[in-house]
Amino acid sequence: MIAIITGASSGIGREFAYQIDNLDYDEIWLIARRYERLVEVKNNLKTKTKILALDLLDEESFLKISNELDFSKAKVGLLVNAAGIGYNDYFENLSLEKSKRTIDLNILAATQMIKVLLPFLAKNSVIINVASVAGFIPQPKFATYAASKSYLISLSRALNREFRNRKIHLAALCPNPVNTEFGANNNSGIKKYATEDINKLVAKTLKQAKYKDIITVHPSARFMLVISKIIPHSFIMWFEKIFGLY
(Lines give C-alpha, C1' and ligand atoms only; values in the text may rest on other atoms or scores of the structure.)
Protein backbone atom coordinates (compact mmCIF):
# COMPACT_ATOMS: atom_id res chain seq x y z
CA MET A 1 0.00 0.00 0.00
CA ILE A 2 1.38 3.41 -0.94
CA ALA A 3 0.75 7.01 0.06
CA ILE A 4 1.04 9.81 -2.53
CA ILE A 5 1.61 13.45 -1.63
CA THR A 6 1.57 16.39 -4.03
CA GLY A 7 3.28 19.62 -3.04
CA ALA A 8 5.61 17.45 -0.97
CA SER A 9 8.72 19.62 -1.22
CA SER A 10 7.65 22.17 1.38
CA GLY A 11 5.00 23.33 3.82
CA ILE A 12 2.00 21.18 4.63
CA GLY A 13 2.87 18.57 2.01
CA ARG A 14 6.32 18.05 3.47
CA GLU A 15 4.93 17.76 7.00
CA PHE A 16 2.48 15.12 5.78
CA ALA A 17 5.43 13.16 4.37
CA TYR A 18 7.25 13.26 7.71
CA GLN A 19 4.23 12.13 9.70
CA ILE A 20 3.05 9.51 7.19
CA ASP A 21 6.55 8.06 7.52
CA ASN A 22 5.46 6.80 10.95
CA LEU A 23 2.41 5.01 9.54
CA ASP A 24 2.20 1.55 8.01
CA TYR A 25 2.72 2.29 4.31
CA ASP A 26 4.99 0.23 2.08
CA GLU A 27 6.07 3.24 0.06
CA ILE A 28 5.61 7.01 -0.07
CA TRP A 29 5.53 8.86 -3.40
CA LEU A 30 6.57 12.49 -3.27
CA ILE A 31 5.40 14.81 -6.06
CA ALA A 32 6.58 18.39 -6.58
CA ARG A 33 8.53 20.51 -9.07
CA ARG A 34 11.74 20.95 -7.06
CA TYR A 35 13.81 17.77 -7.27
CA GLU A 36 16.47 18.91 -4.78
CA ARG A 37 13.84 19.70 -2.16
CA LEU A 38 12.25 16.28 -2.68
CA VAL A 39 15.63 14.62 -2.16
CA GLU A 40 15.96 16.47 1.15
CA VAL A 41 12.57 15.18 2.26
CA LYS A 42 13.36 11.62 1.09
CA ASN A 43 16.63 11.63 3.05
CA ASN A 44 14.66 12.26 6.24
CA LEU A 45 12.26 9.34 5.71
CA LYS A 46 12.75 5.74 6.73
CA THR A 47 9.94 4.41 4.51
CA LYS A 48 10.81 3.43 0.94
CA THR A 49 10.26 6.58 -1.11
CA LYS A 50 9.78 7.38 -4.79
CA ILE A 51 10.47 10.88 -6.10
CA LEU A 52 8.40 12.23 -9.00
CA ALA A 53 9.71 15.69 -9.86
CA LEU A 54 6.73 16.89 -11.87
CA ASP A 55 4.96 20.16 -12.56
CA LEU A 56 1.22 19.54 -12.15
CA LEU A 57 0.53 22.47 -14.46
CA ASP A 58 1.91 20.24 -17.22
CA GLU A 59 -0.67 17.81 -18.61
CA GLU A 60 2.05 15.24 -19.32
CA SER A 61 2.67 14.88 -15.57
CA PHE A 62 -0.60 13.03 -15.05
CA LEU A 63 0.22 10.54 -17.79
CA LYS A 64 3.57 9.89 -16.10
CA ILE A 65 1.87 9.30 -12.74
CA SER A 66 -0.63 6.92 -14.32
CA ASN A 67 2.16 5.02 -16.08
CA GLU A 68 4.13 4.72 -12.83
CA LEU A 69 1.08 3.30 -11.08
CA ASP A 70 0.44 0.86 -13.91
CA PHE A 71 4.03 -0.31 -13.79
CA SER A 72 4.21 -0.66 -10.00
CA LYS A 73 0.88 -2.53 -9.65
CA ALA A 74 0.62 -0.86 -6.25
CA LYS A 75 -2.61 0.07 -4.51
CA VAL A 76 -2.99 3.59 -3.16
CA GLY A 77 -4.14 3.91 0.43
CA LEU A 78 -3.73 7.66 0.83
CA LEU A 79 -3.61 10.69 -1.47
CA VAL A 80 -2.79 14.11 -0.07
CA ASN A 81 -3.49 16.90 -2.55
CA ALA A 82 -1.29 19.58 -0.98
CA ALA A 83 0.01 21.31 -4.11
CA GLY A 84 -1.38 24.82 -4.30
CA ILE A 85 -0.68 28.46 -4.95
CA GLY A 86 -2.25 31.82 -4.21
CA TYR A 87 -1.58 35.53 -4.70
CA ASN A 88 -2.67 38.01 -2.06
CA ASP A 89 -3.64 41.07 -4.10
CA TYR A 90 -6.66 42.74 -5.62
CA PHE A 91 -8.02 40.95 -8.69
CA GLU A 92 -7.43 43.92 -11.01
CA ASN A 93 -3.77 44.02 -9.99
CA LEU A 94 -3.11 40.36 -10.78
CA SER A 95 -2.16 39.23 -14.24
CA LEU A 96 -4.45 36.76 -15.97
CA GLU A 97 -1.55 34.31 -15.95
CA LYS A 98 -1.41 34.33 -12.15
CA SER A 99 -5.16 33.83 -11.85
CA LYS A 100 -4.98 30.94 -14.31
CA ARG A 101 -2.11 29.34 -12.40
CA THR A 102 -4.16 29.47 -9.22
CA ILE A 103 -7.17 27.87 -10.89
CA ASP A 104 -5.16 25.27 -12.80
CA LEU A 105 -3.12 24.11 -9.80
CA ASN A 106 -5.63 24.42 -6.97
CA ILE A 107 -8.66 23.16 -8.90
CA LEU A 108 -7.75 21.34 -12.09
CA ALA A 109 -4.62 19.53 -10.86
CA ALA A 110 -6.30 18.33 -7.67
CA THR A 111 -9.28 17.08 -9.68
CA GLN A 112 -7.03 15.32 -12.18
CA MET A 113 -5.06 13.61 -9.41
CA ILE A 114 -8.26 12.11 -8.03
CA LYS A 115 -9.38 11.03 -11.50
CA VAL A 116 -6.02 9.44 -12.35
CA LEU A 117 -5.76 7.60 -9.03
CA LEU A 118 -9.34 6.37 -8.90
CA PRO A 119 -8.64 2.98 -10.58
CA PHE A 120 -5.73 2.40 -8.18
CA LEU A 121 -7.36 3.36 -4.88
CA ALA A 122 -7.64 0.57 -2.33
CA LYS A 123 -10.66 -0.24 -0.22
CA ASN A 124 -10.80 2.06 2.82
CA SER A 125 -8.43 4.53 1.17
CA VAL A 126 -8.43 8.22 2.05
CA ILE A 127 -8.05 11.38 -0.03
CA ILE A 128 -7.16 14.61 1.78
CA ASN A 129 -7.61 17.79 -0.23
CA VAL A 130 -5.80 20.71 1.36
CA ALA A 131 -8.32 23.54 1.15
CA SER A 132 -8.42 26.55 3.49
CA VAL A 133 -10.58 28.44 5.93
CA ALA A 134 -10.64 31.02 3.11
CA GLY A 135 -12.94 28.64 1.26
CA PHE A 136 -15.77 29.23 3.75
CA ILE A 137 -16.38 32.87 2.79
CA PRO A 138 -15.53 35.00 -0.29
CA GLN A 139 -12.23 36.82 0.28
CA PRO A 140 -11.67 40.25 -1.29
CA LYS A 141 -7.97 40.67 -2.19
CA PHE A 142 -7.68 36.87 -2.23
CA ALA A 143 -10.66 36.21 -4.47
CA THR A 144 -9.39 33.55 -6.86
CA TYR A 145 -7.55 31.63 -4.15
CA ALA A 146 -10.58 31.58 -1.84
CA ALA A 147 -12.86 30.52 -4.69
CA SER A 148 -10.51 27.68 -5.59
CA LYS A 149 -10.50 26.42 -2.01
CA SER A 150 -14.30 26.65 -1.87
CA TYR A 151 -14.33 24.37 -4.91
CA LEU A 152 -12.13 21.83 -3.12
CA ILE A 153 -14.43 21.80 -0.11
CA SER A 154 -17.50 21.22 -2.28
CA LEU A 155 -15.76 18.59 -4.40
CA SER A 156 -14.50 16.70 -1.37
CA ARG A 157 -17.90 16.55 0.29
CA ALA A 158 -19.70 15.53 -2.89
CA LEU A 159 -17.21 12.81 -3.86
CA ASN A 160 -17.18 11.52 -0.31
CA ARG A 161 -20.86 10.72 -0.84
CA GLU A 162 -20.34 9.35 -4.35
CA PHE A 163 -17.52 7.02 -3.31
CA ARG A 164 -19.09 5.81 -0.09
CA ASN A 165 -20.05 2.43 -1.55
CA ARG A 166 -16.49 1.99 -2.77
CA LYS A 167 -15.23 2.72 0.75
CA ILE A 168 -13.12 5.66 -0.39
CA HIS A 169 -13.25 8.59 2.01
CA LEU A 170 -12.55 12.23 1.09
CA ALA A 171 -11.86 15.09 3.47
CA ALA A 172 -11.16 18.78 2.92
CA LEU A 173 -8.56 20.15 5.31
CA CYS A 174 -9.37 23.81 6.06
CA PRO A 175 -6.57 25.46 8.02
CA ASN A 176 -5.90 29.04 8.98
CA PRO A 177 -2.59 30.49 7.76
CA VAL A 178 0.18 28.03 8.67
CA ASN A 179 3.79 28.69 9.63
CA THR A 180 5.11 27.80 6.16
CA GLU A 181 6.66 29.72 3.24
CA PHE A 182 3.21 30.35 1.76
CA GLY A 183 1.60 31.16 5.11
CA ALA A 184 4.30 33.65 6.03
CA ASN A 185 3.54 35.66 2.89
CA ASN A 186 -0.21 35.71 3.57
CA ASN A 187 -0.35 36.19 7.31
CA SER A 188 -0.93 39.88 8.05
CA GLY A 189 -3.29 41.85 10.26
CA ILE A 190 -5.64 39.86 12.45
CA LYS A 191 -4.67 36.63 10.67
CA LYS A 192 -1.34 36.46 12.51
CA TYR A 193 -3.22 35.72 15.75
CA ALA A 194 -4.73 32.53 14.33
CA THR A 195 -1.65 30.88 12.84
CA GLU A 196 -1.77 27.09 12.86
CA ASP A 197 0.93 24.85 14.33
CA ILE A 198 1.80 22.66 11.34
CA ASN A 199 2.76 19.61 13.40
CA LYS A 200 -0.52 19.62 15.31
CA LEU A 201 -2.50 20.40 12.16
CA VAL A 202 -1.21 17.39 10.23
CA ALA A 203 -1.31 15.00 13.19
CA LYS A 204 -4.96 15.75 13.90
CA THR A 205 -5.84 15.63 10.22
CA LEU A 206 -4.42 12.13 9.81
CA LYS A 207 -6.51 10.99 12.78
CA GLN A 208 -9.75 12.62 11.58
CA ALA A 209 -9.53 12.08 7.82
CA LYS A 210 -11.22 8.68 7.87
CA TYR A 211 -14.49 9.96 9.34
CA LYS A 212 -14.77 13.73 8.73
CA ASP A 213 -15.39 15.42 5.39
CA ILE A 214 -14.35 18.89 6.63
CA ILE A 215 -11.42 19.15 9.01
CA THR A 216 -10.73 22.26 11.11
CA VAL A 217 -8.13 22.14 13.88
CA HIS A 218 -7.62 25.68 15.17
CA PRO A 219 -10.51 27.03 17.32
CA SER A 220 -10.83 30.13 15.13
CA ALA A 221 -11.08 27.94 12.00
CA ARG A 222 -13.95 26.03 13.59
CA PHE A 223 -15.52 29.35 14.58
CA MET A 224 -15.29 30.62 10.98
CA LEU A 225 -16.95 27.45 9.72
CA VAL A 226 -19.88 28.01 12.07
CA ILE A 227 -20.40 31.70 11.39
CA SER A 228 -20.08 31.17 7.63
CA LYS A 229 -23.27 29.13 7.88
CA ILE A 230 -25.31 31.51 10.01
CA ILE A 231 -24.13 35.08 9.24
CA PRO A 232 -24.53 36.70 5.80
CA HIS A 233 -21.26 36.72 3.91
CA SER A 234 -21.76 40.38 3.00
CA PHE A 235 -21.66 41.29 6.70
CA ILE A 236 -18.57 39.16 7.33
CA MET A 237 -16.75 40.79 4.42
CA TRP A 238 -17.67 44.23 5.81
CA PHE A 239 -16.29 43.14 9.18
CA GLU A 240 -13.07 41.94 7.53
CA LYS A 241 -12.70 45.35 5.91
CA ILE A 242 -12.94 47.04 9.31
CA PHE A 243 -10.08 44.85 10.57
CA GLY A 244 -7.89 45.64 7.58
CA LEU A 245 -7.97 42.26 5.87
CA TYR A 246 -8.41 43.98 2.50
Side-chain angles (χ1 to χ4, degrees), residues 1-8 12-13 15-17 19-20 23-31 47 50 52 54 56 59 61-84 103-136 146-175 201-217 221-222 225 228-229:
M1 195 80 71
I2 67 172
I4 299 179
I5 309 163
T6 71
I12 293 176
E15 183 63 26
F16 266 108
Q19 295 200 29
I20 290 168
L23 303 180
D24 192 24
Y25 286 97
D26 300 314
E27 192 170 9
I28 300 173
W29 291 17
L30 306 176
I31 300 175
T47 307
K50 180 190 289 289
L52 296 173
L54 301 170
L56 295 183
E59 188 69 29
S61 296
F62 299 97
L63 179 60
K64 292 176 182 178
I65 294 167
S66 181
N67 288 340
E68 288 285 344
L69 286 165
D70 270 328
F71 179 78
S72 71
K73 306 299 181 186
K75 282 292 185 179
V76 180
L78 175 64
L79 166 64
V80 179
N81 268 323
I103 294 166
D104 288 348
L105 187 57
N106 295 5
I107 292 177
L108 186 58
T111 304
Q112 286 183 271
M113 281 299 299
I114 297 170
K115 195 72 172 177
V116 167
L117 263 62
L118 198 53
F120 304 97
L121 290 169
K123 186 177 179 179
N124 297 317
S125 57
V126 174
I127 297 172
I128 300 170
N129 291 319
V130 179
S132 169
V133 69
F136 298 153
S148 72
K149 295 304 184 178
S150 182
Y151 169 89
L152 281 180
I153 295 169
S154 180
L155 180 74
S156 301
R157 301 190 75 191
L159 294 187
N160 186 50
R161 287 281 180 173
E162 285 191 27
F163 298 161
R164 181 166 292 183
N165 290 338
R166 296 186 56 176
K167 298 190 181 303
I168 298 170
H169 189 83
L170 282 89
L173 170 59
C174 301
L201 174 72
V202 171
K204 289 192 174 183
T205 298
L206 288 171
K207 289 179 181 178
Q208 297 176 13
K210 290 185 178 181
Y211 62 90
K212 284 191 174 183
D213 62 359
I214 294 182
I215 299 172
T216 52
V217 173
R222 293 195 291 269
L225 175 60
S228 70
K229 296 178 179 180

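Computation of the quantities below employed the complete heavy-atom set of this structure, encompassing side-chain atoms and omitting hydrogens, waters and symmetry-equivalent molecules. Keep in mind that what you see is a predicted model, and the values were worked out from it rather than measured.
For Ala83 against Thr6, the heavy-atom pair with the smallest separation is N-OG1, 3.1 Å. A pairwise comparison of heavy atoms in Pro119 and Val116 identifies CD-O, 3.3 Å as the closest pair. Considering all non-hydrogen atoms of both residues, Lys75 and Ala122 come closest at CB-CB, 4.0 Å. Heavy-atom minimum distance, Cys174 versus Ala131: SG-CB, 4.1 Å. Looking at every heavy atom in both residues, Leu206 comes nearest to Gln19 through CD1-CB, 3.9 Å. For Leu170 against Asn160, the heavy-atom pair with the smallest separation is N-OD1, 3.2 Å.
Contact of the Trp29 side chain with the Ser72 side chain is registered, since non-hydrogen atoms from C-beta on lie closer than 4.5 Å. Residues Leu159 and Ile127 have side chains not in contact (no heavy-atom distance under 4.5 Å, counting atoms from C-beta outward). Under the 4.5 Å side-chain criterion, counting only non-hydrogen atoms from C-beta, Leu155 is in contact with Ile114. A 4.5 Å side-chain heavy-atom check between Phe62 and Lys115 finds every atom pair outside the cut-off. Side-chain atoms of Thr47 and Leu23, non-hydrogen and from C-beta on, never get closer than 4.5 Å to each other. Side-chain contact between Thr205 and Phe16 is present, with at least one heavy-atom pair separated by less than 4.5 Å. Using a 4.5 Å heavy-atom threshold, the side chains of Asn106 and Tyr151 count as separate. In this structure, Met113 and Ile31 have side chains that are in contact, with non-hydrogen atoms separated by less than 4.5 Å.
Under the 3.5 Å distance criterion, the side-chain polar atoms of Ser156 are matched with a main-chain donor or acceptor of Leu152. A donor-acceptor pair under 3.5 Å links the side-chain atoms of Asp26 to the main chain of Met1, judged by distance alone. Proximity of a side-chain donor or acceptor of Arg222 to a complementary backbone N or O of Val217 within less than 3.5 Å is detected. A donor-acceptor pair is defined here as one N or O able to donate and one able to accept, closer than 3.5 Å; such a pair exists between the side chain of Thr111 and the backbone of Ile107.
Between the CD1 atom in Ile128 and the CD1 atom in Ile12 there is a gap of 11.0 Å [rounded to 0.5 Å]. The structure places CG of Leu117 at 5.5 Å from CG of Leu79, a figure rounded to the nearest 0.5 Å. Here Ile214 contributes atom CD1 and Gln208 contributes atom CD; the two are 12.0 Å apart, rounded to the nearest 0.5 Å. To the nearest 0.5 Å, the span separating CD1 on Ile4 from OH on Tyr25 amounts to 11.0 Å. One finds the CG atom of Leu225 at 5.5 Å from the OG1 atom of Thr216 (value rounded to the nearest 0.5 Å). Distance CG/Leu63 to CD/Gln112: 11.0 Å, rounded to 0.5 Å.
Heavy atoms from other residues, nucleotides or ligands lying under 6.0 Å from OH of Tyr211 number more than 12. Summarising the local packing, CG of Asn67 is surrounded by more than 12 heavy atoms from other residues, nucleotides or ligands at distances under 6.0 Å.
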What's the verdict on side chain to side chain contact (heavy atoms under 4.5 Å, CB included) for Phe136 and Ile153, showing C-alpha distance, side-chain angles and the deciding distance? CA-CA 8 Å; Phe136 298 153; Ile153 295 169; 3.8 Å; yes
Decide yes or no on side chain to side chain contact (heavy atoms under 4.5 Å, CB included) for Leu52 and Glu68, but give the supporting numbers first. CA-CA 9 Å; Leu52 296 173; Glu68 288 285 344; 4.0 Å; yes
Verdict with reasoning, Leu201 to Glu15, per side chain to side chain contact (heavy atoms under 4.5 Å, CB included): CA-CA 9 Å; Leu201 174 72; Glu15 183 63 26; over 6 Å; no
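Residues satisfying the salt bridge (charged side-chain N to carboxylate O under 4.0 Å, His left out) test with Lys212, not counting sequence neighbours, are none.
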